[in-house]
Amino acid sequence: MQYLSTRGDATPRRFCDILLEGLAPDGGLYLPVHYPQVTASELQRLRRVHASQGYAALAFEILSLYIDDIPAADLKAICEKTYTAQAFGTAAIVPLKPLEPGLWLEALSNGPTLAFKDMAMQLLGHLFEYELARRGETLNILGATSGDTGSAAEYAMRGKQGIRVFMLSPHGRMSAFQQAQMFSLQDANIHNIAIEGVFDDCQDIVKAVSNDLEFKRKYRIGTVNSINWARLLAQVVYYFAGYFSATRSNDERVDFTVPSGNFGNVCAGHVARMMGLPIERLVVATNENDVLDEFFRTGIYRVRASSDTHETSSPSMDISKASNFERFVFDLLGRDGAATRALFDDALRQHGRFDLSGDAAFRQARERYGFESGKSTHADRLATIRAVHAERGVTIDPHTADAVKVAREHRQAGVPMVALETALPIKFAVTIEEALGHPPERPAAFEGIEQLPRRVRVLPADVAQVKRLMTEECQ
Ligand SMILES: *Cc1c(COP(=O)(O)O)cnc(C)c1O
């Protein structure tokens with residue numbers, strides 16, 4: 001399988017060539033040159049593999065369709081090391097939980113950091129370690145986080161050979177639980193840097209360091225952000241698993257509702273659907289930051305300024321620009337790299353928006369690609385958390401509540417709906433307490449983590465000081 005860029009660069013690249021990369025050199029995102037088609041008999045075989053051998057075996061089958069430059073035995077071993085009951089809490093890895101007849105939650109948040117990002121990041125940790133060892137190289141991962149991504153990356157990379165992580169977070173602004181999760185890690189290769197500033201300051205420092213090409217090359221700086229193709233690919237697997245668990249036969253179709261920020265999670269659903277998985281509709285759920293809902297309703301994609309991005313109680317969906325959206329638009333435009341560039345490079349840069357409302361392609365978003373959307377507000381989250389708790393005795397986190405609210409609005413008779421659970425409630429205790437009047441349950445493994453010794457350095461929002469710290473640690 002070879003990979004191309006959404007902006008037209010068709011230099012042939014294989015999986016391991018793009019594994020450690022961010023954007024393509026032309027500024028686009030990587031996609032496979034085609035989506036492997038899963039035939040009816042192949043789908044039947046995958047259903048049996050999942051039922052008899054479990055999630056890791058299914059992951060190996062799906063990944064093998066996209067990765068032909070890692071020997072099969074090695075890839076299989078990586079999948080088996082990654083998707084264990086020990087790391088993900090159950091043998092099923094992503095069990096379905098019934099919410100009401102025909103509506104399920106797919107539990108994606110029982111990994112080490114209690115958010116769905118572990119599903120991809122844990123695999124990435126093993127793939128990076130494998131590929132770096134094969135090349136005899138090392139990598140220094142530099143990232144900025146407002147919570148979930150940073151901790152998922154650190155737990156995936158801790159103790160891995162050849163990898164260091166430098167993670168910037170806004171000093172004092174993450175939830176107490178998220179701070180404790182990250183700062184209690186004692187691994188020598190993990191470096192927490194709390195920046196005296198907001199998330200945007202952290203992001204700006206990462207950009208400034210990465211734009212210093214000499215420094216970047218000398219210190220082998222890489223990232224693990226959500227545009228990484230391997231992360232997206234890892235997420236395709238749980239759409240297959242969710243489909244098999246929600247149905248008895250491959251004649252049935254299923255709807256998914258996905259709480260969305262950077263469009264990574266639901267883009268993986270799009271890839272699964274393009275491969276032939278019988279997904280009827282992909283429903284995008286946003287919070288008050290409704291860039292994506294606006295697009296799917298109107299055909300207008302209008303990125304927001306940071307100052308126009310609301311701070312909400314589902315903070316991991318507070319985005320002003322959905323970094324993976326370009327992948328879907330590339331498909332929507334018939335995989336025309338020049339047309340994609342005209343929208344994302346020219347129009348967005350000059351006008352901060354583009355308008356496909358008059359374009360025949362826009363109608364296809366719904367008719368051919370199955371996309372729909374909805375929006376959920378703080379009041380909706382509270383009401384949904386309360387209702388699910390009262391009806392089912394189950395506490396859901398605020399992001400999952402956005403999905404459940406929108407999923408209920410989009411139910412179709414006779415079509416099972418699977419809403420993706422993206423975090424456990426303990427990560428967002430303040431909102432749960434606001435909704436229910438009491439704090440969420442805490443998994444036993446996380447008792448007292450706020451009291452553990454912390455490993456974090458506080459720095460001013462200053463590029464030079466961050467670089468100096470990195471230089472010292474890389475000696
Ligand atoms: C990252 C995240 C999301 C959004 O996922 P995208 O792939 O960015 O669309 C939703 N919920 C939680 C809890 C997250 O951590």
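Indexing begins at 1, ligand by ligand and atom by atom, following the structure's order.
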Please check whether [X] reaches ligand 1 - meaning an N/O of the residue sits under 3.5 Å from an N/O of the ligand, judged on distance alone.
X: M317; value: no
X: T422; value: yes
X: F428; value: no

Tell me, which protein residue and heavy-atom name are nearest [atom], and how many Å apart are they?
atom: atom 7 (O) of ligand 1; value: N265 N, 2.9 Å
atom: atom 4 (C) of ligand 1; value: G261 N, 3.6 Å
atom: atom 8 (O) of ligand 1; value: N262 N, 2.7 Å
atom: atom 5 (O) of ligand 1; value: F116 CZ, 3.6 Å

*Does some side-chain heavy atom of R281 sit less than 4.5 Å from a side-chain heavy atom of Q412?*
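Q412 reaches R281 side chain to side chain.
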
*asked:* Please work out, at 4.0 Å between heavy atoms, whether the side chain, the backbone, both, or neither of D148 comes within that distance of ligand 1.
replied: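 Side chain only; the backbone of D148 stays clear of ligand 1.
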
*Record the part of F263 in heavy-atom contact with ligand 1 below 4.0 Å; permitted values are side chain, backbone, both and neither.*
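Backbone only.
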
_Atoms of ligand 1, numbered as shown, that sit under 4.0 Å from any heavy atom of G264_ =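 Answer, ordered by atom number: 6 (P), 7 (O), 9 (O).
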
*Show which atoms of ligand 1 fall inside a sub-4.0 Å distance from at least one heavy-atom site of A423.*
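Near A423, meaning under 4.0 Å from one of its heavy atoms, ligand 1 has 13 (C).
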
Testing the 3.5 Å rule here: is there a donor-acceptor pair between the side chains of [X] and [Y]?
X: T309; Y: D318; answer: no
X: S314; Y: D402; answer: yes
X: E21; Y: N228; answer: no

*Think R335 forms a cation-pi with Y35, using NZ or CZ under 6.0 Å from the six-ring centre and within 45 degrees of its axis?*
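Yes; both conditions hold, so R335 lies above the ring face of Y35.
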
_Is the positively charged end of R158 above the ring of Y155, judged by distance under 6.0 angstrom from the centroid and angle within 45° of the axis?_
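Positive - R158 is close enough to the ring of Y155 and near enough to its axis.
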
*Distance (rounded to the nearest 0.5 Å) between S245 OG and H50 NE2*: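 So the gap between those two atoms works out to 4.5 Å.
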
*Taking the non-hydrogen atoms of S260, is any one of them nearer than 4.0 angstrom to ligand 1?*
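Contact check S260 vs ligand 1: positive.
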
*With the threshold set at 4.0 Å, does a side-chain nitrogen-carboxylate oxygen contact exist between E100 and R392?*
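Judged by the 4.0 Å cut-off on N to carboxylate O distance, E100 and R392 do not form a salt bridge.
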
*asked:* The test is ring-ring contact (aromatic ring centres under 6.0 Å, His included); show your working for F428 and F177 and say whether it passes.
replied: CA-CA 8 Å; F428 303 97; F177 187 86; 9.1 Å; no

*asked:* Could you work out, for atom 1 (C) of ligand 1, the closest of K427, H399, K117 by heavy-atom distance?
replied: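 Nearest option to atom 1 (C) of ligand 1, by heavy atoms: K117.
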
